[in-house]
2 protein chains.
Amino acid sequence: MIQQPASKPYHHGDLESALLVAALDLIAKGGLDALSLRAAARLVGVSHAAVYRHFPKKEHLVARIAQEGFIRLAAAMEMAAAQVAPDAVARMVATGLAYVDFAQAHPHHLRLMFGAPLGRPGDFPDMERAGQAARAVLDTRVDELREAGVFATQDPEVVAMAAWGQAHGLAMLLISGQLRSGANLRDLAEKALTLAWLRDPLVPR
Amino acid sequence: MIQQPASKPYHHGDLESALLVAALDLIAKGGLDALSLRAAARLVGVSHAAVYRHFPKKEHLVARIAQEGFIRLAAAMEMAAAQVAPDAVARMVATGLAYVDFAQAHPHHLRLMFGAPLGRPGDFPDMERAGQAARAVLDTRVDELREAGVFATQDPEVVAMAAWGQAHGLAMLLISGQLRSGANLRDLAEKALTLAWLRDPLVPR
DNA sequence: ACCTGAACACCGTTCAAGT
DNA sequence: ACCTGAACACCGTTCAAGT
C-alpha cells in the first residue's frame, strides 16, 4: 500500500501523471471541448500556472494523451487477436473489431489521437513511437494473412494500408453521428470487416 | 454584374452567407482552432454580437459548415465517377480517390464534418440531408458493382458500409499525420482502394 | 526546482440599448 | 428586424514573486 501524505505538500509529487488522468477524465465526460489546462489543474488541485512546469504548451499535454491512447489501442488489438483461433482472417477481423470497440468506448480519445497533426514530425517522438506500435499490430495481421496465402501476391504495404484504412474508417464512422443509429452498428462493422478479408468467389475477374 | 452599394449600409444583406465564407476561410488557413464566431464577425466587418441573429450558437455555424462540406464532397465524388469508363470497379475506385483528394485539399473541413456529433439527431436536418446525399453517391457505386456481379451475393448494406469505411478511413489517415510522409500517399491510397474491390484469385477460400 | 497570483489577450454568450 | 457596446465567465500563456 502506498501511504498518502497526511498533510498536503507544497510539491505535488507526480503532477504530470495526475494531469494526464485528469485530462482523460475531462475528455471522457465532456468531449474535446471540455479539455483545458485550467480545468485539469483544477481537478488536480493545483494552480493553472503549475501545469506549465510539465507541459510547456497545451499541445504537449494533448500529445501525451494521444500517446496514451495509442498504447491502449495497441493493447486492445493485441488482446483481441490473442483470444481468437489461429486463422489469419479471423484474427484480422477480431483486431479490426477491437479498433471499432475502442472507438465506441472512447470516442473523444480516438478523435484526439487522429486530429490535426501535432507540431512538426519529430516534435513528439514518444507519441510517434506509440502510434507506430499500434500500426505494427495491424502489420502483423497482414503478415499472417500473407503466410496463409491471402493477398500473398500483393505489395504488403498496400495490404497494410487497406487494412488500416478499413478498420480506422469503420471506427471513425461509428462515432461520427453520420450513421442512422437504429441498426446494430457493431454487427454491421463486423460483417463489413469480414467482407473485406473474405474473398468473394463470384467475382468475374 | 451585381452592384456593390456605395456606402456601407446598416444591414449587411447576406450576413449568413458572408459568415460561412469567412468561417471556411478561417478553417482553411488556420485549422479548426482558428474558427471562432468573433473572428468570423471581424472578417465580415460586423460586431461579434450580430452573429447571433443568424447562428444562435457556435454549433449552428459549425453545422452549416459541415453541410457545405457534404455538398462539396458529394459533388467531387460524382464528378470523379462521371469522368471514368463505365466499369463498376473503376468507378468505385475513382469515387474513393475523390474522397481522398477532398481530404488532402480540405483536411480541416473534413475533420469538422466528422467530428463529435452535433446536437441530437434532428437538430440540424439540412446537414443530415447533405450527409445522406454524400453517402448516396457511394451507395450508387455499390449498386453498380452489384449489377456487375461484384459482391452480388452479399448484403448491400454491408457492402456499402465496407465501401464507406474504406474510403473514409484512407482519407482520414492521409490527413492524420500518422503516416510517414515520404511515400506517395495518394498513390498508395489508390492501390489500397483497388485492392479492396479487385478480388484476389489466389485466396484459398 | 517547483508552485502561486496577477495580468493580458483572447473566447462564447447575454442583454439592454440604439436604428 | 437587425445591429452595437458593455459585461460575464471562461480560455492559453507569461512573469515576477514566493517556498
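Labels below follow one simple rule: chain letters A, B, ... track the order of the sequence lines, proteins then strands, and each chain is numbered from 1. Just the heavy atoms: all of them, side chains too, but no hydrogens, waters or symmetry mates, feed the values below.
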Can A:K191 and B:D155 be counted as an ion pair, charged N to O under 4.0 angstrom?
-> no

Other residues, nucleotides, ligands: >12 heavy atoms within 6.0 Å of A:D143 CG | yes

Send over the distance from B:K58 NZ to D:dC11 P, rounded to a whole Å.
-> 14 Å

Spacing of A:L43 atom CG relative to D:dC11 atom P, expressed in whole Å = 11 Å

Report the distance from atom CD of B:E59 to atom C1' of C:dC11, rounded to the nearest whole Å.
-> 16 Å

Could you tell me the separation between the CG atom of A:L35 and the P atom of C:dC11, rounded to a whole number of Å?
-> 19 Å

Please determine, for D:dC10, whether a Watson-Crick or G-U wobble partner exists with both distances under 3.5 Å, and give it or none.
-> none

Does the C:dT4 base have a donor-acceptor partner in the side chain of A:R53 within less than 3.5 Å?
-> no

Going by modelled atom types, is there a donor-acceptor pair between the base of C:dT13 and the side chain of B:H48 at under 3.5 Å?
-> yes

N-O pairing of A:R120 and A:D123 below 4.0 Å | no

Please state whether the phosphate of C:dC11, meaning OP1 or OP2, lies under 4.0 angstrom from any side-chain nitrogen or oxygen of B:S36.
-> yes

Please step through ring-ring contact (aromatic ring centres under 6.0 Å, His included) for the pair B:F114 and B:F70, ending with a clear verdict.
-> CA-CA 10 Å; B:F114 288 95; B:F70 286 121; 5.5 Å; yes

Nearest-nucleotide wise, let me know which of A:P56 and A:A34 is further upstream toward the 5' end of DNA chain D.
-> A:A34

Grab the NE2-C1' distance between B:H54 and D:dC2 for me, whole Å please.
-> 7 Å

The residue, A:A50 or A:R38, whose nearest nucleotide of DNA chain C is more 5′ is A:A50

Return the value, rounded to whole Å, for the distance between atom CD of A:E16 and atom P of C:dA1.
-> 17 Å

Think B:R42 has a side-chain N or O under 4.0 angstrom from the OP1 or OP2 of C:dC10?
-> no

Whole angstrom value for the distance that separates C1' of D:dC8 from OH of B:Y52 | 12 Å

Does D:dG5 pair with anything, Watson-Crick or G-U wobble, both distances under 3.5 Å, and if so, with which nucleotide?
-> C:dC15

B:K29 and B:D25 ion-paired at < 4.0 Å = yes

Once you round it to whole Å, what is the distance between P of D:dC2 and CG of B:L19?
-> 13 Å

